[in-house]
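Report on one structure; see the data block that follows.
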Amino acid sequence: MAFDSTIFLFAFLPVSFILYYVTPAKFKNLTLVIVSVFFYLWGGVVHTVLLLVSVVWNYAGGLFMGKHLKHAKRVKNIAMVLVGTDIALLAVCRYAGQIVEMSGSRLADSRYLLAPVGISFFMLQNIAYIIDIYRGDIRPQKDIVKYAAMIVLYPKIIAGPLVSGDEFVKQQDRPKLSLGKCSDGILLFIRGLSKTVVLGSAMGMVFQTVQALPERQVSALGAWLGCAAFAFQIYFAYGGYCDMALGLGRMLGFELPENVNYPCLSTGVMDFWSRWMSTLWKWFCSYVYLPLCGGNPSGAKGFLSLLATWLLIGLWHGMNPTFVFWGIYFAVLLYLEGFVFGERLARVPKALRWFFTMLLLMVSWVFCFCPSVGSAFSYLRFMAIGGGAGFVDAGALSLITDYGVLWVSAVFFSTPLAWRMYEKIIRGGRKWQIALNSVVYAVLFLLCVAEIVSGTESACLYF
């Protein structure tokens with residue numbers, strides 16, 4: 001069940017919201033688990049069974065580890081079995097279908113049977129829980145309802161953000177429910193919905209227009225516009241989803257971590273990954289990179305650790321060789337930025353650092369939307385010297401003029417400038433400001449509903 005669907009907006013959300021708020025405090029976690037499982041059940045019974053099996057397996061495994069914490073070797077072996085099983089289940093569910101599809105088997109039509117939506121995220125949560133117990137960072141959760149709520153919470157189960165178990169348990173014990181937080185959550189949800197449905201979908205149409213062009217009709221400018229449209233589509237689709245997740249969490253009394261924070265303002269590759277899917281990078285940094293490099297990120301060991309980590313992040317995105325190359329690309333960039341050119345880059349003017357960061361990121365997006373490494377390099381060649389249409393052609397210029405308002409809106413709303421300007425207008429709490437704010441958000445919501453009813457799609461790399 002997608003957040004940008006009529007069944008979610010007009011049936012699931014209001015019903016689950018009312019049930020949660022009328023439930024007595026001591027049963028709220030149980031209600032949260034029930035509505036979250038029902039939300040996930042919409043995607044299929046088999047998927048839900050796999051989700052619940054993973055929850056029970058890791059909950060029981062955590063309790064078993066807790067009984068042997070005084071025996072270091074024994075608890076390490078238990079943790080290895082639990083994490084190994086989680087990784088095996090993730091690999092089978094995530095990649096078996098892709099292998100079947102790549103093989104050309106007749107079973108390809110059923111490739112999604114064992115690919116539960118969001119498994120890449122909720123299995124990382126399970127793995128983090130087991131490792132945290134092994135490290136002594138948290139104690140095993142004795143209440144299975146609380147543990148299940150941490151894993152299956154519906155605002156984050158599909159595509160994150162990844163949440164620290166320790167922080168989430170603290171919020172479970174003292175959920176901050178108030179009319180003000182609920183109101184803030186609703187407004188944040190509507191902003192995210194409008195990003196995804198309006199801007200993300202519109203940019204997706206521009207990208208598809210460029211992709212549909214034959215090679216002889218692609219110019220360098222057209223290729224750049226196509227890549228930029230894809231970047232904006234991903235930003236608004238996934239960034240909008242993250243805003244919706246944070247808004248829903250706030251409505252339920254939870255403060256989820258910010259996962260996307262204006263990545264278009266990044267002035268370095270590391271800065272980008274602290275702004276884009278930041279909880280994913282933090283997860284891999286904490287549970288893969290730092291343990292591998294042993295606290296010594298420089299030198300050959302540090303680079304190999306970074307390379308291994310980014311290869312895993314690439315494979316986490318998918319089995320396509322383009323994602324493997326994409327992972328290597330970022331490993332090299334991050335190592336160069338952090339350990340080779342670090343001090344010299346700090347002296348480069350900020351505007352210049354921003355320009356080259358955006359340039360490097362544009363190259364990376366090509367490996368996300370091209371089906372093969374060869375086609376990715378062909379597309380990069382189009383961006384460098386153009387395809388059959390040279391550097392500039394009438395088709396590319398029409399993409400700028402016909403979608404001029406959309407391009408300006410995309411640039412404007414990809415920065416905090418839009419929100420800061422709007423805040424200045426409505427700040428003060430006067431009656432006319434409150435009325436204006438209500439009208440603006442009502443119009444945004446109705447516009448989103450109209451787009452959803454019309455069948456507009458906003459496909460995202462992470463869904």
Side-chain angles (χ1 to χ4, degrees), residues 188 190-211 219-244 258-269 271-278 349-366 368-369 379 382-383 391-393 395-426 440-441 443-444 447-448 451 456 458-462:
L188 183 54
I190 294 175
R191 289 203 299 272
L193 184 66
S194 60
K195 281 183 183 179
T196 299
V197 173
V198 180
L199 292 172
S201 300
M203 275 300 171
M205 292 173 57
V206 177
F207 171 68
Q208 292 300 329
T209 300
V210 177
Q211 287 293 94
S219 65
L221 178 60
W224 278 99
L225 290 173
C227 189
F230 179 82
F232 278 126
Q233 178 194 6
I234 291 296
Y235 168 69
F236 287 116
Y238 187 67
Y241 164 85
C242 289
D243 284 348
M244 288 189 279
E258 192 171 44
N259 210 17
V260 175
N261 181 26
Y262 300 110
C264 295
L265 300 182
S266 303
T267 55
V269 180
D271 185 31
F272 171 76
W273 284 106
S274 69
R275 294 170 176 270
W276 177 255
M277 292 201 74
S278 58
K350 195 173 183 179
L352 203 56
R353 278 186 282 141
W354 173 85
F355 175 79
F356 282 107
T357 299
M358 292 301 107
L359 189 66
L360 293 171
L361 292 176
M362 290 286 277
V363 172
S364 75
W365 289 125
V366 173
C368 291
F369 64 74
Y379 196 94
F382 295 158
M383 291 170 67
F391 284 95
V392 180
D393 68 320
L397 293 175
S398 68
L399 284 176
I400 297 175
T401 56
D402 294 348
Y403 298 100
V405 174
L406 177 60
W407 287 112
V408 172
S409 299
V411 172
F412 185 56
F413 287 104
S414 64
T415 72
L417 183 61
W419 176 239
R420 288 173 184 171
M421 290 176 61
Y422 184 69
E423 268 193 322
K424 285 185 178 180
I425 295 172
I426 64 169
V440 169
Y441 277 96
V443 170
L444 276 178
L447 179 61
C448 290
E451 291 289 323
T456 301
S458 56
C460 180
L461 179 65
Y462 301 108

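Keep in mind the model is a prediction, meaning the values are calculated, not measured.
Shortest non-hydrogen contact noted between Pro263 and Ser266 is O-OG, 2.6 Å. In plain terms, the two heavy atoms of Ala396 and Gly222 that are nearest each other are CB-N, 3.7 Å. Nearest approach of Asp243 to Gly192, heavy atoms of both residues: CB-CA, 3.5 Å. Across every non-hydrogen atom of Gln233 and Phe207, the tightest pair is OE1-CD2, 4.0 Å. Of all heavy-atom pairs spanning Ala229 and Val206, the tightest one is CB-CG1, 3.8 Å. Across Ser219 and Asp393, no two heavy atoms sit closer than the pair OG-OD1, 2.7 Å.
Rounding to the nearest 0.5 Å places CG of Asp402 at 12.0 Å from CH2 of Trp407. Interatomic distance, Asn261 CG to Met277 CE, rounded to the nearest 0.5 Å: 14.5 Å. Going from atom CZ of Phe232 over to atom NZ of Lys195 covers 12.5 Å, rounded to the nearest 0.5 Å. Annotation: the span from Cys264 atom SG to Leu361 atom CG amounts to 9.0 Å, rounded to 0.5 Å. Taking CG of Leu406 as the start and CG of Leu199 as the end, the distance is 7.0 Å to the nearest 0.5 Å. Taking CD of Glu451 as the reference point, atom OG of Ser201 lies at 7.0 Å (rounded to 0.5 Å).
The side-chain heavy atoms of Val210 and Phe230, taken from C-beta on, include no pair separated by under 4.5 Å. Residues Asp271 and Thr357 fail the side-chain proximity criterion, which asks for heavy atoms closer than 4.5 Å. With contacts defined as side-chain heavy-atom distances shorter than 4.5 Å, the pair Ile234/Phe369 does not qualify. Leu444 is not listed as a side-chain neighbour of Leu193, based on a closest heavy-atom distance of 4.5 Å or more. Side-chain contact check for Val440 versus Ile426: every heavy-atom pair is 4.5 Å or farther apart.
Here Asn259 pairs with Tyr238, Thr279 under the side-chain hydrogen bond (donor to acceptor under 3.5 Å, both in side chains) rule; sequence neighbours left out. Residues satisfying the side-chain hydrogen bond (donor to acceptor under 3.5 Å, both in side chains) test with Arg353, not counting sequence neighbours, are none.
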Residues 410-417 side chain polar contacts: donor-acceptor under 3.5 Å, at least two apart:
from   : atom 1 : to     : atom 2 : distance (Å)
Ser414 : OG     : Ala410 : O      : 3.1
Ser414 : OG     : Val411 : O      : 2.8
Thr415 : OG1    : Phe412 : O      : 2.9
Thr415 : OG1    : Leu417 : N      : 3.3

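Taking the six-membered ring where the residue is Trp, Trp276 and Tyr235 present tilted rings, their angle falling between 30° and 60°.
Side-chain N or O atoms of Trp354 include none that pairs as donor or acceptor with a backbone N or O of Thr267 at under 3.5 Å. The main-chain N or O of Ala223 is found under 3.5 Å from a side-chain atom of Tyr379 such that the two form a donor-acceptor pair.
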